[in-house]
Amino acid sequence: MKRLLLLLLFGATAMNVATAQSLYVQSLQGALFAQPAFDSAKVIDVRRGDVLTPVQLKGAWYEVKFAGKQGWMPTLLVSERPPLKTVTVFTGNDLGLEQKARIRASNVTTAGAARGLSSDRRRVTDTRGANYSAVDRMDALKISDSEGLKFIEQGMRP
Amino acid sequence: MKCRTWLRTCLAVVVIGAGAGGAHADTAPFRERLSDKVVTQASLTSDVKAEIRFGRAVAARILARYPPYNDPKLTRYVNLVGGGLAALSGRPELHYHFAILNTDDINAYSTPGGYVFVTLGALKLMHDESELAGVLGHEIGHVTLKQIVRELNIHGNAQSPEAGLAHFFGGAADPARIAFSQAVGKAMDILFRDGLSRQDEYAADRVGTTLLAEAGYDPTALERYLARVKEVKGEPTRIIHRTHPPFAARIARLQQLIAKEGMTGLHYPRVAARFDSYMTTVK
């Protein structure tokens, strides 16, 4: 009986890997390795959005099939859903919840204090110390994926 | 009795396993309706928008605590290195932004949505670009793994990310705002007082080192940098000691990772000369 259940258990686990959805490369570029190790040979290059067929999961590596080849890729660089496009939020004059929260903090703090929400009051009061202009400057500096990767690659050249 | 418990456990695992397999089959692309796909994409996008808005608010608080270090050339350099690493990470939906904090504290921070900070004190302690990449990669790891997002349950809804954030306090307008502020305060508490769990930090170390290897940097860079931070005593490392696992444990885990994942034999560059050329005004 025990043996039968163990067999069932093993079978169910194997079935999960076999029926898993396709995996999608999230990293802008990468490679499949011959073994689940970075010092093994590179089998084939992959790019963001490439669809991989999973074979098995071993530690932090997926064994996958792609373009007639089979190899290993770190789980970090793939996902079960296709890569999303870059998402941005409108930050112009449209006050988001974060700014509204800041503006209204003092009113709410007063009301909260009246109800005895002392720890919440302390947190809300702290929100006045926010430097959104510096965040805007961070947002304004845009480096494209390819620009960043090219810069890194340039640094590797002797 | 013992045997019965064992049998029950086995059956439960089998049922759960089979269920998960079925779920995969149900959501396979050829079974998906277009309307389902649209809702799913909208929901995902809404979650990301909520995350970015939340992350901006936390970033604004960090930048109020420590002013940004205004050196456009060095800031651009950090953004180029960080941007290149981020391109290799698992969240193409985010545009990462990097800044230097003008403090002698030795630390680095990240907020949901892709806002990453490294202190001037940390930069001064680094020896080369690979160490900078290791630290930025660790912070990208926190974002990639959505650790604060999950800890504080940040999500949007398909119609409006802000409506989703209202779940903090039941949905009414003012309570939603105060709840948002509370969540931002909690995130600050995590970053500066309580820290994430040890497992979260180890996971971010793993991401940082994996990104080093993927990008072609010396994969021992983060380990080398942590060994140096470990020796710094006093005020500059007060917060990092309080919010992170012991350095010896982190270094030991990194060494295990490097050996296990075939990184020991990789003799990738450290890119010291370029790092020094950007750091001339600082050091």
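Per chain, numbering begins at 1; letters A, B, ... match sequence-line order.
Side-chain contact, B/Tyr115 with A/Asp139: a donor N or O sits under 3.5 Å from an acceptor N or O.
With A/Thr86 contributing its side chain and B/Pro92 its backbone, the two residues share a donor-acceptor pair below 3.5 Å. A distance-only check finds a donor-acceptor pair linking the side chain of A/Arg48 to the backbone of B/Ala87 [under 3.5 Å].
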Run A/Asp39 and B/Thr264 through side-chain contact (heavy atoms from CB on, under 4.5 Å) and show every step you take. CA-CA 8 Å; A/Asp39 58 358; B/Thr264 310; over 6 Å; no
Could you give me the CA-CA distance, side-chain angles and deciding distance for B/Lys49 and A/Thr88, then say whether side-chain contact (heavy atoms from CB on, under 4.5 Å) is met? CA-CA 7 Å; B/Lys49 282 187 175 177; A/Thr88 55; over 6 Å; no
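Of all non-hydrogen atoms in A/Ala60 and B/Glu261, the two that sit nearest each other are CB-OE2, 4.1 Å. Among all heavy-atom pairs drawn from A/Ala134 and B/Pro68, the shortest one is CB-CG, 4.1 Å. Smallest separation of non-hydrogen atoms from A/Asp136 and B/Arg56: OD1-NH2, 2.6 Å. Minimum interatomic distance between A/Ile152 and B/Leu85 (heavy atoms only, all atoms of both residues): CD1-N, 3.7 Å. The two residues B/His97 and A/Leu141 come nearest to each other via the heavy atoms ND1-O, 3.8 Å. Contact detail for B/Val116 and A/Met138: the closest heavy-atom pair is O-CE, 3.9 Å.
Checked for salt-bridge contact, B/Arg76 and A/Glu147 meet the test: a charged N lies under 4.0 Å from a carboxylate O.
Contacts of A/Pro74 with chain B are made by side-chain atoms alone, with heavy-atom separations under 4.5 Å and no backbone atom involved. When heavy atoms are compared at a cutoff of 4.5 Å, B/Phe98 approaches chain A solely by way of its backbone atoms N, CA, C and O. Both the backbone and the side chain of A/Gln154 come within less than 4.5 Å of a heavy atom in chain B. Looking at B/Phe117, only its side chain comes within 4.5 Å of chain A, counting heavy atoms on both sides. Heavy atoms closer than 4.5 Å to chain A are found in the side chain of B/Leu266, but not in its backbone. Proximity to chain A (any heavy atom under 4.5 Å) is shown, for B/Thr210, by both the backbone and the side chain.
Counting non-hydrogen atoms of neighbouring residues, nucleotides and ligands closer than 6.0 angstrom, the NZ atom of A/Lys142 exceeds 12 such neighbours.
In terms of non-hydrogen atom pairs under 4.5 Å with chain A, the most contact-rich of B/Thr75, B/Leu88, B/Val207 is B/Leu88. For chain B, the option among A/Leu76, A/Val135, A/Leu28 with the highest count of heavy-atom pairs below 4.5 Å is A/Val135. Among the candidates B/Leu211, B/Val58, B/Leu63, the residue making the largest number of heavy-atom pairs closer than 4.5 Å to chain A is B/Leu63. Interface summary for chain A: among B/Thr144, B/Asn79, B/Val271, the most heavy-atom pairs under 4.5 angstrom belong to B/Asn79.
Residues in residues 42-63 of chain A take part in these ring pair (Phe, Tyr, Trp, His ring centres under 6.0 Å) pairs, two or more places apart or across chains: A/Phe33-A/Trp61, A/Phe38-A/Trp61.
The shortest distance between side-chain heavy atoms of A/Val87 and B/Leu94 does not fall below 4.5 Å. By the 4.5 Å heavy-atom criterion applied to side chains, A/Gln26 and B/Arg91 are not counted as neighbours. Residues A/Met156 and B/Tyr217 have side chains in contact (heavy-atom distance under 4.5 Å, counting atoms from C-beta outward).
From A/Lys150, atom NZ reaches atom CG of B/Leu80 across 11.5 Å, with rounding to the nearest 0.5 Å.
For A/Glu63, the salt bridge (charged side-chain N to carboxylate O under 4.0 Å, His left out) criterion is met by no residue, not counting sequence neighbours.
Both tests do not hold together for B/Arg61 against A/Tyr132: distance to the six-membered ring centre under 6.0 Å, angle to the ring axis within 45°.
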